[in-house]
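Let me begin by presenting the structure, written as structure tokens, before commenting on it.
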Amino acid sequence: QVQLVESGGGVVQSGGSLRLACAASGRSFSTVAMRWYRQAPGKRRELVASISGGGRTNYGDFVKGRFTISRDNAKNTVYLQMNSLKPDDTAVYYCYADLNFWGQGTQVTVSS
């Protein structure tokens with residue numbers, strides 16, 4: 001059974017950092033593009049960052065150099081390093097694999 005499990009969310013002050021992890025199990029995702037999305041209350045889910053199987057990355061415009069997506073294929077895990085966090089970054093962050101698999105989400109709350 002394929003599973004994506006996010007971790008690393010929490011409460012942080014404005015300007016702080018968090019590192020999210022998405023651990024995949026059930027099959028290898030080393031050649032599969034992976035993405036991080038987020039959804040704040042009352043807002044649409046939006047793409048935060050993506051990484052291809054070959055390591056090419058893309059980011060949402062609002063990231064502006066603050067976040068870094070990476071992957072460790074040996075661990076079947078994707079990371080999202082988030083720095084200079086702002087209250088507007090408060091949301092549930094979801095991991096997605098381009099085979100239509102979603103994680104359950106992890107809450108990130110940035111206090112002002």
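Each residue takes its place number in the sequence, starting with 1.
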Nearest-0.5 Å distance, SG of residue C95 to CD1 of residue I69: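 One gets 8.0 Å once the value is rounded to the nearest 0.5 Å.
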OH-OG1 distance between Y94 and T106, expressed to the nearest 0.5 angstrom: 10.0 Å
Considering all heavy atoms, the nearest M34-L4 contact: CE-CD2, 4.2 Å
Using the test side-chain hydrogen bond (donor to acceptor under 3.5 Å, both in side chains), find all partners of [X] that sit at least two apart in sequence or belong to another chain.
{"X": "Q3", "value": "none"}
{"X": "D72", "value": "none"}
{"X": "T68", "value": "none"}

Please list all pairs passing the salt bridge (charged side-chain N to carboxylate O under 4.0 Å, His left out) test where one or both residues lie in [range], with sequence neighbours left out.
{"range": "residues 17-31", "value": "none"}
{"range": "residues 95-112", "value": "R35-D98"}
{"range": "residues 100-110", "value": "none"}
{"range": "residues 101-112", "value": "none"}

Partner set under side chain to side chain contact (heavy atoms under 4.5 Å, CB included) for N76, not counting sequence neighbours: A24, S28, F29
ring-ring contact (aromatic ring centres under 6.0 Å, His included) against Y96, all qualifying residues, sequence neighbours excluded: W102
Close side-chain approach of L80 and V48, heavy atoms under 4.5 Å: yes
Derivation and outcome, side-chain contact (heavy atoms from CB on, under 4.5 Å), residues V63 and M82: CA-CA 9 Å; V63 169; M82 305 188 294; over 6 Å; no
Residue pairs, two or more places apart or on separate chains, that pass ring pair (Phe, Tyr, Trp, His ring centres under 6.0 Å) and touch residues 43-68: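 Listed by first then second residue: nothing to list.
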Hydrophobic cluster membership, V78 vs V5, 4.5 Å side-chain cutoff: no
Shared hydrophobic cluster for W36 and L99 (ILVMFWY, side-chain gaps under 4.5 Å): yes
Side-chain donor/acceptor of T90 to backbone N/O of V110, under 3.5 Å: yes
No-hydrogen, no-angle side-chain donor-acceptor test under 3.5 Å, R71 and N73: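 N73 and R71 do have a side-chain donor-acceptor pair below 3.5 Å.
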Please output the side-chain donor-acceptor pairs of residues 9-17 that fall under 3.5 Å, not counting sequence neighbours, one pair per line with the distance.
from : atom 1 : to  : atom 2 : distance (Å)
S17  : OG     : N83 : OD1    : 2.9

Pairs involving residues 37-47, ordered by first then second residue, that meet side-chain hydrogen bond (donor to acceptor under 3.5 Å, both in side chains) (sequence neighbours left out): R38-E46, R38-D89, R38-Y93, Q39-R45
